> 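Can you read through this structure? Questions will come right after.
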Amino acid sequence: MSEILNVSGLHAGYGAGDVLVDISVSVSGGEAVAILGANGAGKTTLLRSISGLLKSRGEVVFLGQSLSGRPPYKRARAGLAHVPQGRGTLSHLTVAENLWAGAHASGRERKEIIAHWFDVFPRLGERRNQMAGSLSGGEQQLLAVARAMAGNPQLVLLDEPSLGLAPLMVKSVFAELKRINSEFGTALLIVEQNATASLSIADRAYVLEAGRVTVEGAAADLAANDHVRRAYLGI
Ligand SMILES: Nc1ncnc2c1ncn2[C@@H]1O[C@H](COP(=O)(O)OP(=O)(O)OP(=O)(O)O)[C@@H](O)[C@H]1O
Ligand SMILES: [Mg+2]
């Protein structure tokens, strides 16, 4: 598959010096790519730069078009969804209303999209009238993913989907992500501290250390890399 996202020479920060230095990252159509990194490595900063929430320097090309200067909503309309750290569901709205907000379509098509995602995730369908804020952490993560998917994206950026979830729930959320990736062919770019979970579903991965990419390669190769094993897999 050809490349759908190409980030090159990216620098970004918050005023006092760059947090991200000369980052190059790519994602091909249908690919699942993981970015591993410790607290403060710059993972969230990278996703915010790609989705346009944070100003950056360098090139971000999506589906052959430069995204420079384009606001976040236009990037979303172009097929680039972002599930932020902490999930970003609208807690005072119901599950159905959250999906409604994620679907860019209108009228009948919008209703069909929502029904489709309730079919894919029956656990959400059963809770369609429940306030999003009263869902369990795992259910909120699923809702955040379903809301992103309701916009029919080509690529979903996921910021620490495992955060705050118990180990069994981490497994279940990653299994659903894998299912979305294989059933619908949606490409995923997942930033994670949980290297085991993210490498288990990724095709390729990058390691981000102090704002720079230090290792990259096939997920299986990274899982066998001594430095990655010691620093991120605790082996
Ligand atoms: N709004 C901000 N203003 C100033 N500095 C910030 C801001 N947000 C993040 N930073 C700094 O940028 C660096 C990278 O932060 P970032 O949130 O991207 O890391 P992260 O890899 O996502 O970490 P975590 O795993 O804890 O979420 C940190 O040193 C952080 O203090
Ligand atoms: Mg973060």
Side-chain angles (χ1 to χ4, degrees), residues 1 4-5 25-37 43-44 46-48 50-51 62 76 79-89 95 98-99 102-103 113-114 116-127 132 135-208 216-220 222-223 228 232-233:
M1 267 277 203
I4 57 170
L5 177 75
V25 163
S26 67
V27 180
S28 292
E31 211 181 16
V33 176
I35 297 188
L36 314 179
K43 303 180 302 297
T44 295
L46 176 58
L47 291 196
R48 290 173 59 85
I50 295 172
S51 67
F62 181 61
L80 182 59
H82 184 185
V83 178
Q85 189 166 338
R87 295 157 199 146
T89 47
V95 168
N98 266 272
L99 282 189
I113 290 170
I114 293 169
H116 168 71
W117 288 102
F118 284 154
D119 277 351
V120 177
F121 297 130
R123 283 175 60 181
L124 295 180
E126 289 158 16
R127 294 167 176 78
L135 296 174
S136 76
E139 289 160 0
Q140 282 188 35
Q141 188 63 59
L142 275 192
L143 176 58
V145 170
R147 190 174 72 151
M149 289 301 295
N152 196 26
Q154 302 258 352
L155 171 64
V156 184
L157 311 175
L158 293 136
D159 198 341
E160 302 220 30
S162 78
L163 195 73
L165 302 182
L168 263 185
M169 191 48 71
V170 172
K171 268 198 160 169
S172 141
V173 166
F174 274 79
E176 297 294 8
L177 290 174
K178 183 70 211 168
R179 178 154 80 102
I180 281 176
N181 177 239
S182 22
E183 269 182 34
F184 304 106
T186 313
L188 307 176
L189 181 60
I190 307 169
V191 310
E192 261 297 341
Q193 287 192 49
N194 188 329
T196 311
S198 54
L199 287 179
S200 75
I201 68 160
D203 302 304
R204 282 189 310 114
Y206 298 82
V207 175
L208 192 60
E216 65 177 279
L222 261 70
V228 173
Y232 301 99
L233 294 168

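Just so it is clear, the structure is predicted and the values come from calculations on it, not from any experiment.
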> About how many Å separate CG of L142 and OG of S172, when rounded to the nearest 0.5 Å?
6.0 Å
> Between Y206 (side chain only) and G37 (backbone N and O only), is there a donor and an acceptor less than 3.5 Å apart?
no
> With sequence neighbours excluded, what pairs up with K171 under the side-chain contact (heavy atoms from CB on, under 4.5 Å) test?
none
> Give, for atom CG of L5 and atom CG of L155, the distance between the pair rounded to the nearest 0.5 Å.
6.0 Å
> Is there side-chain contact between I113 and N152, with heavy atoms separated by less than 4.5 Å?
no
> Is a donor on one side and an acceptor on the other found under 3.5 Å between the side chain of D203 and the backbone of A218?
no
> Who are the salt bridge (charged side-chain N to carboxylate O under 4.0 Å, His left out) partners of R179, not counting sequence neighbours?
E176, E183
> Could you report the tightest heavy-atom contact between E139 and L124, atom names first, then the distance?
O-CD2, 3.8 Å
> Kindly give the heavy-atom pair with the smallest separation between S28 and A187, and that separation in Å.
O-CB, 3.8 Å
> Using the ring pair (Phe, Tyr, Trp, His ring centres under 6.0 Å) rule, collect all pairs that involve residues 140-175, keeping only residues at least two apart or in two chains.
none
> Should the pair F184 and H116 be assigned to parallel (<30°), tilted (30 to 60°) or perpendicular (>60°) ring geometry?
perpendicular
> Any idea which heavy atoms bring V173 and G138 closest together, and the distance?
CG2-O, 4.2 Å
> Of all residues at least two apart in sequence or in a different chain, which pass the salt bridge (charged side-chain N to carboxylate O under 4.0 Å, His left out) check with R48?
none
> Would you check if N181 and I201 make a side-chain contact, meaning some heavy-atom pair closer than 4.5 Å?
no
> Looking only at heavy atoms, what is the nearest atom pair of A148 and P153, with distance?
O-CD, 3.4 Å
> List the atom of L36, the atom of S198, and the distance in Å for their closest heavy-atom pair.
CD2-OG, 3.3 Å
> Side chains of V145 and L158, heavy atoms from C-beta outward: is any pair under 4.5 Å?
yes
> Holding to salt bridge (charged side-chain N to carboxylate O under 4.0 Å, His left out), I want the full list of residues that pass it with E160, two or more places apart in sequence or in another chain.
K43
> Which pair of heavy atoms, one from A205 and one from L199, lies closest together, and at what distance?
CB-CD2, 3.6 Å
> Apply side chain to side chain contact (heavy atoms under 4.5 Å, CB included) to the pair L143 and L135, showing each step before the final yes or no.
CA-CA 9 Å; L143 176 58; L135 296 174; 3.8 Å; yes
> Do side-chain atoms of R147 reach the backbone of G88 as a donor and acceptor pair under 3.5 angstrom?
yes
> Taking the side chain as everything from C-beta on, heavy atoms only, tell me whether L99 gets closer than 4.5 Å to F118.
yes
> Strictly by side chain to side chain donor-acceptor pair (under 3.5 Å), give each pair with a member in residues 186-196 just once, sequence neighbours left out.
S162-E192
> For the CG atom of L157 and the OG1 atom of T44, what is their distance to the nearest 0.5 Å?
11.5 Å
> Taking the side chain as every heavy atom from C-beta outward, state whether P161 and V83 have any atom pair closer than 4.5 Å.
no
> Output the distance between atom CG (L80) and atom CZ (F62), rounded to the nearest 0.5 Å.
5.0 Å
> Do R204 and S26 have side-chain heavy atoms sitting under 4.5 Å apart?
yes
> Mind checking the CG-NE2 spacing from D159 to H82? Nearest 0.5 Å is all I need.
5.5 Å
> Supply the atom-to-atom distance S136 OG to R127 CZ, rounded to the nearest 0.5 angstrom.
7.0 Å
> Between W117 and V95, is there a side-chain heavy-atom distance shorter than 4.5 Å?
no
> Check the pair L189, L47 against side chain to side chain contact (heavy atoms under 4.5 Å, CB included), reporting the backbone distance first and the verdict last.
CA-CA 9 Å; L189 181 60; L47 291 196; 4.1 Å; yes
